[in-house]
Amino acid sequence: MSMSFGKMNTFADIVSAEPIKDADGFVDHWDTLLASVRVYFEQKNSTEKWRNMAHSDEVDALFRLRIIPGLELSKHHIIVCQGRRYNIYSVENVKERGMYLEVLAVSADG
């Protein structure tokens, strides 16, 4: 797969929504922005590629992005793209080259 910045023409934010305790011990549930990145974004559709993917039926979005140094993207993170939130279903290092990630995600907005 050849990926280029030309195909990664959508912007997305990677956020952490894990609770954070403040100095007084109160738990805060605000999103913490971890990175703003360019992504290749594809909504689930009825193409053969989507039908052949082995994943949960609830997965409805695909993201491809460059690996972000110092950030281990996981199911604990959320992708915010085009005004919608997506919970991460799986993260795969494309061809194990350490350059790109392929992320399958589930819309959190219903």
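Because the structure is predicted, anything quoted here is derived from the model rather than measured.
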N93: side-chain hydrogen bond (donor to acceptor under 3.5 Å, both in side chains) partners, not counting sequence neighbours: none

With a cutoff of under 4.5 Å between side-chain heavy atoms, which Ile, Leu, Val, Met, Phe, Trp and Tyr residues group with I14? L34, V37, V39, F41, F63, L65, I67, I68, L71, L73, I79, Y86, I88, V91, L101, V103

Applying side-chain contact (heavy atoms from CB on, under 4.5 Å), run through L62 and E102 and close with a yes or a no. CA-CA 7 Å; L62 165 79; E102 183 171 274; 3.3 Å; yes

Please round to the nearest 0.5 Å and tell me the distance separating atom CD of E42 and atom CZ of R64. 7.0 Å

What's the shortest heavy-atom distance between S107 and D60, and which atoms? N-OD1, 2.9 Å

Connecting only ILVMFWY residues whose side-chain heavy atoms lie within less than 4.5 Å of each other, what is the rest of V80's hydrophobic cluster? V15, L33, I78

For D31, salt bridge (Lys or Arg N to Asp or Glu O under 4.0 Å) partners two or more places apart: R85

State plainly whether one hydrophobic cluster holds both Y100 and F11, where clusters connect Ile, Leu, Val, Met, Phe, Trp and Tyr through side-chain heavy atoms under 4.5 angstrom apart. no

Residues forming a side-chain hydrogen bond (donor to acceptor under 3.5 Å, both in side chains) with T32, sequence neighbours excluded: none

Here the pair of heavy atoms bringing H77 nearest to E72 is CE1-O, 3.2 Å

Check for me whether K75 meets the cation-pi criterion with Y89, that is, NZ or CZ under 6.0 Å from the six-membered ring centre and within 45 degrees of the ring axis. yes

